[in-house]
**Student:** 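Here it is: the structure, laid out below.
Remember, it's a predicted structure, so these values are computed and weren't measured experimentally. Index from 1, following the sequence.
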Amino acid sequence: MAHETISNLLHEERRFAPPAALAAEANVKAEAYARAASDREAFWAEAADRLTWTKRWDRVLDDDNAPFFKWFVGGELNAAYNCVDRHVEAGNGDRVAIHWVGEPLEDRRDITYAQLKDEVSRAANAIEELGVERGDRVAIYMPMIPEAVVAMLACARLGAVHTVVFGGFSSDALATRIDDCQAKLVITSDGGYRRGSASALKPAVDEALIKLDNANRGLVENVLVVRRTGQDVAWNGDVDIWWHDVVDHASEIHVPQPMDAEQPLYVMYTSGTTGKPKGILHTTGGYLAQAAYTHWAQFDLKADDVYWCTADIGWVTGHSYIVYGPLANGATQVLYEGTPDSPERGRWWKIIEDHKVTKFYTAPTAIRSFMKQGSAVPDSYDLSSLRILGSVGEPINPEAYVWYRDTIGGGRTPIIDTWWQTETGATLMTPLPGVTSGKPGSAMLAVPGVDVDVVDEDGTPVGNGEGGYLVVTSPWPSMLRTLWRDDDRYVDTYWSKYAAQGYYFAGDGAKKDEDGDIWVLGRVDDVMNVSGHRLSTTEIESALVSHPRVAEAAVVGASDPDTGQAVVAYVILRESPESVEGIEKELANHVRTVIGPIAKPRDLMIVPELPKTRSGKIMRRLLRDVAEGRQVGDTTTLMDADIVSKIAAGQATST
Ligand code: ATP
Ligand code: MG
């Protein structure tokens with residue numbers, strides 16, 4: 001088929017216009033789109049001007065050696081200075097940068113920008129003293145404590161490249177990442193609090209150092225350890241150093257050195273939904289400019305805001321929308337250490353009530369799990385401070401969007417469904433809260449200054465009402481520069497499919513609706529072909545989630561002798577004491593009613609849990625392995641390794 005597209009199935013008529021008061025005062029108004037379109041480089045130069053540069057760039061975009069693009073060429077700046085010092089110099093040193101909330105109740109610290117500046121400077125001096133130089137790599141394996149943010153900024157201040165490894169990962173995953181980027185220093189803590197108790201981290205670092213490739217033995221010269229829980233730790237005096245021994249006594253005077261705009265800032269590994277994680281390289285100037293601009297634009301950031309993003313700093317969302325974006329903007333934010341349900345289910349809502357959070361950013365997986373628990377828990381807290389709610393990580397099902405807006409946002413708050421990737425560094429698509437009328441389930445349109453499209457197999461844009469592949473048609477400032485030490489894989493993965501057009505291939509399917517607004521349909525790898533119709537997982541899952549008994553659903557295509565592939569659905573029910581006999585047929589018929597016979601699952605299985613990455617994304621490729629009776633693929637980033645075998649042992653019901 002020359003003109004292959006993805007079928008467009010689900011219809012959604014609900015619309016939510018921006019509140020008038022918010023629209024009138026919005027940071028970004030509708031005119032921004034036209035202005036950006038008329039001169040994209042001038043638009044991004046203006047965004048970059050929101051930062052403080054020690055040397056102005058000569059050229060906004062260097063596209064001479066595409067796809068190895070460079071931004072703000074010749075410019076110099078320091079990311080840590082931009083995130084910390086300049087706010088103090090501007091007289092905002094007393095403003096709270098971080099309201100830190102530990103998991104144990106009453107374990108809190110408020111950190112002002114002036115205090116953050118001192119702490120980052122001390123840490124930079126200490127790390128420099130350990131021999132870390134510009135360009136060296138530093139692995140950070142920490143819980144959500146202020147020192148994690150300080151460690152990242154201290155690296156940025158020195159031009160050392162950090163690679164943050166999620167604290168929930170095993171020693172194997174940590175070793176792989178240290179090996180891949182050849183880190184010289186590891187920063188960790190004795191442990192952190194998870195689900196009400198102290199959970200150790202340091203032992204995984206000790207094990208990882210033993211597991212490194214032979215060639216990298218001895219590469220890690222030091223392990224810097226923050227004392228968080230006070231639990232016992234094994235100690236190797238040749239390598240291990242307490243953070244408080246070297247940081248607390250270091251000078252709080254540290255002069256930030258100017259960095260080239262293209263100085264590597266960090267390497268972040270993708271979450272591994274489609275295969276082995278990729279080491280994404282981000283650099284300084286363009287990245288910081290777009291992270292800061294989008295944070296300010298999409299959350300309509302105001303001086304009195306209290307912002308909270310629930311991501312872990314081990315994910316790109318934590319990098320761009322906890323550390324670099326908000327701090328570059330001088331925002332006040334909450335940083336929370338623990339799990340959403342510790343010590344009780346309402347913990348998140350209590351934090352919002354206590355700190356009067358105004359802008360809140362979380363993931364669909366969390367929203368669906370709260371929906372499953374019902375509205376009674378959030379209803380018992382005062383959430384009236386909230387003004388804008390954000391979603392990121394997966395497509396948000398329309399039912400979850402509406403629940404989020406009504407139950408958490410009191411029906412007042414615009415929802416921004418932000419589409420982006422580790423690779424993109426910052427949001428590329430989102431509605432703007434003061435401009436766009438939101439449609440539940442749609443990321444709507446590109447950020448001003450960004451060009452996205454939905455194209456067919458040949459790279460021709462699809463028409464309204466059609467589906468295809470999501471592409472980015474021009475370079476953007478916060479784009480990845482390459483895969484760490486693997487330029488070939490960079491070109492091959494993102495730039496070879498549409499090499500003729502020079503488009504970035506995102507690997508996601510999407511559709512344009514009748515108005516031309518964009519809906520992300522999930523991974524291209526997950527698209528099913530049923531009797532010649534290419535169906536997306538997202539729409540069928542959203543149809544299932546629209547049934548009142550369903551909390552979450554994952555859909556995959558399994559080979560079928562009659563139809564090529566058949567729809568197989570895995571469903572988690574909302575808490576319910578009633579018997580569920582016959583529910584499988586009812587749910588399959590519900591899909592048939594909502595979207596049509598072609599999408600009706602052949603098999604449907606009620607499961608207690610779904611396989612998810614540590615960042616909460618559903619790993620459909622493992623379910624496909626199960627549905628087709630194959631050995632399951634790479635599971636290193638899986639949350640709970642047992643869940644796949646439990647599902648494989650269960651019984652699907654033919655519907
Ligand atoms: P890997 O590339 O290793 O398989 P990953 O793609 O899951 O891992 P991330 O970079 O964290 O790792 O995730 C980016 C992907 O998340 C996007 O390509 C998209 O599929 C999905 N995504 C993120 N935000 C949204 C959103 N708002 N709507 C729909 N999908 C989203
Ligand atoms: Mg990806």
Side-chain angles (χ1 to χ4, degrees), residues 47-57 71-95 97-98 111-138 140 146-164 184-185 187 224 243 246-267 282-292 295 313 319-320 322-331 477-478:
D49 265 330
R50 303 179 66 252
L51 304 175
T52 305
W53 297 73
T54 42
K55 181 167 171 284
R56 205 180 163 76
W57 56 87
W71 283 84
F72 306 110
V73 183
E76 291 181 358
L77 76 171
N78 185 289
Y81 172 86
N82 271 279
C83 290
V84 185
D85 307 45
R86 67 174 182 145
H87 306 310
V88 181
E89 288 169 16
N92 293 320
D94 292 340
R95 178 183 293 174
I98 297 173
I111 299 162
T112 65
Y113 273 96
Q115 290 166 334
L116 188 62
K117 173 174 179 278
D118 289 350
E119 189 68 9
V120 171
S121 300
R122 275 193 285 264
N125 278 318
I127 293 170
E128 206 165 28
E129 194 69 19
L130 294 176
V132 172
E133 294 172 6
R134 187 181 299 209
D136 286 343
R137 274 79 62 204
V138 175
I140 298 177
E147 288 81 357
V149 177
V150 169
M152 289 167 73
L153 292 171
C155 288
R157 202 172 180 91
L158 300 174
V161 183
H162 58 69
T163 188
V164 182
K184 184 173 181 179
L185 173 71
I187 308 180
L224 193 53
W243 171 280
V246 291
V247 174
D248 289 3
H249 306 296
S251 163
E252 77 267 9
I253 311 289
H254 182 274
V255 182
Q257 295 301 304
M259 300 295 155
D260 189 274
E262 286 296 339
Q263 166 72 30
L265 182 63
Y266 67 82
V267 176
H282 284 292
T283 60
T284 305
Y287 170 78
L288 196 62
Q290 193 168 344
H295 176 255
I313 51 142
H319 284 50
S320 301
I322 294 178
V323 180
Y324 291 108
L327 295 178
N329 287 331
S478 63

**Student:** Checking N125 side chain against I253 main chain: does a donor-acceptor pair fall under 3.5 Å?
**Tutor:**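 Answer holds: yes.
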**Student:** Answer yes or no: is there a donor N or O on one side and an acceptor on the other, between the side chain of N92 and the main chain of V88, under 3.5 Å?
**Tutor:** no
**Student:** How many angstroms lie between atom NZ of K117 and atom CZ of R86, to the nearest 0.5 angstrom?
**Tutor:** 14.5 Å
**Student:** Quick check: closest heavy atoms across Q290 and P477, and the distance to 0.1 Å?
**Tutor:** OE1-CD, 3.1 Å
**Student:** Sequence neighbours excluded, which residues qualify as ring pair (Phe, Tyr, Trp, His ring centres under 6.0 Å) partners of W243?
**Tutor:**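 Ring pair (Phe, Tyr, Trp, His ring centres under 6.0 Å) list for W243, sorted by chain: empty.
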**Student:** Any side-chain to backbone donor/acceptor pair from T284 onto Q263? Under 3.5 Å, distance only.
**Tutor:**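 Confirmed, T284 side chain pairs with Q263 backbone.
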**Student:** Step by step, work out the side-chain contact (heavy atoms from CB on, under 4.5 Å) result for F72 and L77.
**Tutor:** CA-CA 11 Å; F72 306 110; L77 76 171; over 6 Å; no
**Student:** Output all residues satisfying side-chain contact (heavy atoms from CB on, under 4.5 Å) with E76, sequence neighbours left out; order by chain, then residue number.
**Tutor:**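 side-chain contact (heavy atoms from CB on, under 4.5 Å) list for E76, sorted by chain: T54, K55, P258.
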**Student:** Closer than 3.5 angstrom, by distance alone: can the side chain of R95 be matched with the main-chain N or O of G330 as a donor-acceptor pair?
**Tutor:** yes
**Student:** I would like to know whether V246 and E129 meet side-chain contact (heavy atoms from CB on, under 4.5 Å); could you show each step before the answer?
**Tutor:** CA-CA 9 Å; V246 291; E129 194 69 19; over 6 Å; no
**Student:** Please round to the nearest 0.5 Å and tell me the distance separating atom CG of D118 and atom NE2 of H254.
**Tutor:**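 Those atoms lie 13.5 Å apart.
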**Student:** Donor-acceptor pair, distance only, cut-off 3.5 Å: does the side chain of R157 make one with the backbone of L153?
**Tutor:** no
**Student:** With sequence neighbours excluded, what pairs up with N329 under the side-chain contact (heavy atoms from CB on, under 4.5 Å) test?
**Tutor:**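 Once residues adjacent in sequence are excluded, the partners of N329 under the side-chain contact (heavy atoms from CB on, under 4.5 Å) criterion are R50, A292, H295, W296, L301.
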**Student:** Passes side-chain contact (heavy atoms from CB on, under 4.5 Å), V120 versus V150? Steps please.
**Tutor:** CA-CA 5 Å; V120 171; V150 169; 4.3 Å; yes
**Student:** Please report the shortest heavy-atom distance between S320 and A291, naming the atom on each side.
**Tutor:** O-CB, 4.1 Å
**Student:** Quick check: closest heavy atoms across L51 and G285, and the distance to 0.1 Å?
**Tutor:** CD1-O, 4.2 Å
**Student:** If I compare all heavy atoms of C83 with all of A328, which pair ends up nearest, and what's the gap?
**Tutor:** SG-N, 3.8 Å
**Student:** Holding to side-chain contact (heavy atoms from CB on, under 4.5 Å), I want the full list of residues that pass it with E89, two or more places apart in sequence or in another chain.
**Tutor:**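 Scan of E89 (side-chain contact (heavy atoms from CB on, under 4.5 Å), adjacent residues dropped) gives Y81, D85.
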**Student:** Residues in ring pair (Phe, Tyr, Trp, His ring centres under 6.0 Å) with H319, at least two apart?
**Tutor:**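 Testing H319 for ring pair (Phe, Tyr, Trp, His ring centres under 6.0 Å), a comparison that skips the adjacent residues, returns H162, Y266.
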**Student:** Compare every heavy atom of A160 with every heavy atom of V138, then report the nearest pair and how far apart it is.
**Tutor:**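 Taking V138 first and A160 second, the nearest heavy atoms are CG2-CB, 4.2 Å.
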**Student:** Partners of D49 by salt bridge (Lys or Arg N to Asp or Glu O under 4.0 Å), sequence neighbours excluded?
**Tutor:** R56
**Student:** Could you tell me whether the side chain of Q257 and the main chain of G159 form a donor-acceptor pair under 3.5 Å?
**Tutor:** no
**Student:** Taking atom CD1 of I140 and atom CD1 of I187, what is their separation to the nearest 0.5 Å?
**Tutor:**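 It comes to 5.0 Å.
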**Student:** Where the side chain of T163 meets the backbone of V267, is there a donor-acceptor pair that is under 3.5 Å apart?
**Tutor:** yes
**Student:** How long is the straight-line distance from CD of E133 back to CG of L158, given to the nearest 0.5 Å?
**Tutor:** 10.0 Å
**Student:** I'd like to know if the side chain of R137 and the backbone of G135 have a donor-acceptor N/O pair within less than 3.5 Å.
**Tutor:**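 Checking the backbone N and O of G135 against the side chain of R137, a donor-acceptor pair under 3.5 Å is found.
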**Student:** For A97, check side-chain contact (heavy atoms from CB on, under 4.5 Å) against everything at least two apart and list the hits.
**Tutor:**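 Partners of A97 under the side-chain contact (heavy atoms from CB on, under 4.5 Å) test: Y113, L116, L327.
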**Student:** Ignoring hydrogens and angles, tell me if any N or O in the side chain of W53 forms a donor-acceptor pair with the backbone of A48 under 3.5 Å.
**Tutor:** yes
**Student:** Salt bridge (Lys or Arg N to Asp or Glu O under 4.0 Å) with E262: which residues, sequence neighbours excluded?
**Tutor:** R481
**Student:** Taking only residues two or more places apart in sequence or in another chain, which ones pass salt bridge (Lys or Arg N to Asp or Glu O under 4.0 Å) with D136?
**Tutor:**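 Per chain and number, D136 pairs via salt bridge (Lys or Arg N to Asp or Glu O under 4.0 Å) with K184.
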**Student:** A156 and N78: which non-hydrogen atoms are nearest, and at how many Å?
**Tutor:**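 Shortest heavy-atom separation between A156 and N78 comes out as O-ND2, 4.0 Å.
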**Student:** Any chance you could measure E119, atom CD, to E147, atom CD, to the nearest 0.5 Å?
**Tutor:**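 If I round to the nearest 0.5 Å, the distance is 6.5 Å.
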